[in-house]
**Q** 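Before anything else, here's the structure in question.
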There are 2 protein chains.
Amino acid sequence: MEHGIKPSYPRIKILEYLITKRSHPTVDEIYSNLVKEIPTLSKTTVYNTLNLLISANIVRVVASEENETRYDADVTSHGHFKCEKCGAIYDFRIDVGALKTDDLKNFKIKEKNVYYRGICEECLDNIENKI
Amino acid sequence: MEHGIKPSYPRIKILEYLITKRSHPTVDEIYSNLVKEIPTLSKTTVYNTLNLLISANIVRVVASEENETRYDADVTSHGHFKCEKCGAIYDFRIDVGALKTDDLKNFKIKEKNVYYRGICEECLDNIENKI
DNA sequence: TTTAAATTTGTAATTATTACATTTTTATTA
DNA sequence: TAATAAAAATGTAATAATTACAAATTTAAA
Ligand SMILES: [Mn+2]
Ligand SMILES: [Mn+2]
Ligand SMILES: [Zn+2]
Ligand SMILES: [Zn+2]
């Protein structure tokens, strides 16, 4: 595994889950799905591994207003949209660098997050079709 | 109180705390400070009141990566910067409307959050002075 | 193969938040 | 004003997320 982390089986599977699913899952989602394949997996290992991946900058936490921590293996700059109907978190492209932030000119910015909330296209369509 | 909420004493004090302090406090901070003045205050009341103010759109939750909910009585559009040294959350002006988001053109956006993390000017100065 | 180091596990502790029944306060009406 | 009803606040218990930590297991090194 990259960044000097030893690639144990649980670690590989957890990162693989994040990369392939791209659902910005919670610890619970990761654990519930992987425990089928790795019956000895513990939730503590999921927490440990995610925190390890975060300190290695391979994984990021999705900023949100909810008190549910969601994880993302895409560490490139992009925004998140959470649908309040279906709960899904969508990625979207956004040029965060284009934003002028004079107020922070003497601050050291390490990470930028853009988080929107609303109703996704699919849920809007469903509402229309019900009428 | 605005928006049809009856202005009880705890409600007034909680909103007043948010407006005057502007520190984006946690429930714990609000409770710990106000209980000095209102000895019968309960933490549940703080939670109830904040949730009430949120549904009335008088108060917003600050989006972040931490699992600590922080509240803000400034519901106008602005960004938040969290200093990882001192923990303070700074407001900054940002023109969120300037961001193009073609990916979300068929989505209904209800709320936009911009959250930065890094080191604030004051903490950077302190680090320099120690050298 | 022995030994040491790293990783994983399970349980307990901590913390944040909500649920809910009871009490208190406030407003309404006789 | 006194009785009543409605709203708000309180305290405790329940739930859920996360971390702490010691013991067990696995992996790597000698
Ligand atoms: Mn993402
Ligand atoms: Mn603010
Ligand atoms: Zn949706
Ligand atoms: Zn600082």
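Below, read A as the first sequence line, B as the second, and so on, with proteins coming before strands; counting in each chain starts at 1. Bear in mind the structure is a predicted one, so any value in this text is a computation, not a measurement.
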**Q** Once you round it to whole Å, what is the distance between C1' of D/dT27 and CZ of A/Arg11?
**A**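 Rounding to the nearest Å, CZ of A/Arg11 and C1' of D/dT27 are 11 Å apart.
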
**Q** Would you please say whether a donor-acceptor pair under 3.5 Å links the side chains of B/Tyr116 and A/Asn113?
**A**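 Their side chains do not contain a donor-acceptor pair, so the 3.5 Å distance test is not met.
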
**Q** Could you tell me which residues satisfy side-chain hydrogen bond (donor to acceptor under 3.5 Å, both in side chains) with A/Asn106, sequence neighbours excluded, listed by chain and number?
**A**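 Applying side-chain hydrogen bond (donor to acceptor under 3.5 Å, both in side chains) to A/Asn106 gives B/Glu121.
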
**Q** Consider only side-chain N and O atoms of B/Thr76 and B/Asp74, and report whether a donor and an acceptor are under 3.5 Å apart.
**A**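 Present: a donor and an acceptor within the cut-off.
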
**Q** In this structure, which one of A/Leu53, A/Asp72, A/Leu52 forms a side chain to side chain contact (heavy atoms under 4.5 Å, CB included) with A/Val59?
**A**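 Result for side chain to side chain contact (heavy atoms under 4.5 Å, CB included) with A/Val59: A/Leu53.
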
**Q** Give the rounded distance in Å between these two atoms: CG of B/Leu34 and C1' of D/dA9.
**A**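 From B/Leu34 CG to D/dA9 C1': 14 Å.
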
**Q** For B/Glu29, does the CD atom have more than 12 heavy-atom neighbours from other residues, nucleotides or ligands under 6.0 Å away?
**A**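 Counting neighbours around CD of B/Glu29, more than 12 heavy atoms of other residues, nucleotides or ligands fall under 6.0 Å, so yes.
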
**Q** Where along nucleotides 13-22 of chain D does protein come under 4.0 Å, by heavy atom, of base (B) or sugar-phosphate alone (S), with - for untouched nucleotides?
**A** ----SBBBB-

**Q** Report the residue from A/Lys82, A/Arg70, A/Arg117 that forms a salt bridge (Lys or Arg N to Asp or Glu O under 4.0 Å) with A/Glu65.
**A**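 Checked A/Lys82, A/Arg70, A/Arg117 against A/Glu65; only one passes salt bridge (Lys or Arg N to Asp or Glu O under 4.0 Å): A/Arg117.
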
**Q** With a sphere of 6.0 Å drawn around CD of A/Glu122, does it hold more than 12 non-hydrogen atoms of other residues, nucleotides or ligands?
**A**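 Counting other residues, nucleotides and ligands, CD of A/Glu122 stays at 12 neighbours or fewer.
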
**Q** Test A/Phe107 against B/Tyr90 for ring-ring contact (aromatic ring centres under 6.0 Å, His included), laying out the working first.
**A** CA-CA 11 Å; A/Phe107 286 48; B/Tyr90 292 81; 5.0 Å; yes

**Q** Taking 5' to 3' order, which nucleotide of DNA chain C is first and which is last to have an atom within less than 4.0 Å of a heavy atom in chain A?
**A**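 So the outermost contacting nucleotides come out as C/dA6 to C/dT17.
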
**Q** Name the nucleic acid region contacted by B/Thr26, choosing base, sugar-phosphate or nothing; use a 4.0 angstrom heavy-atom cut-off, strictly under.
**A**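 If one applies the 4.0 Å heavy-atom cut-off, B/Thr26 turns out to touch nothing in the nucleic acid.
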
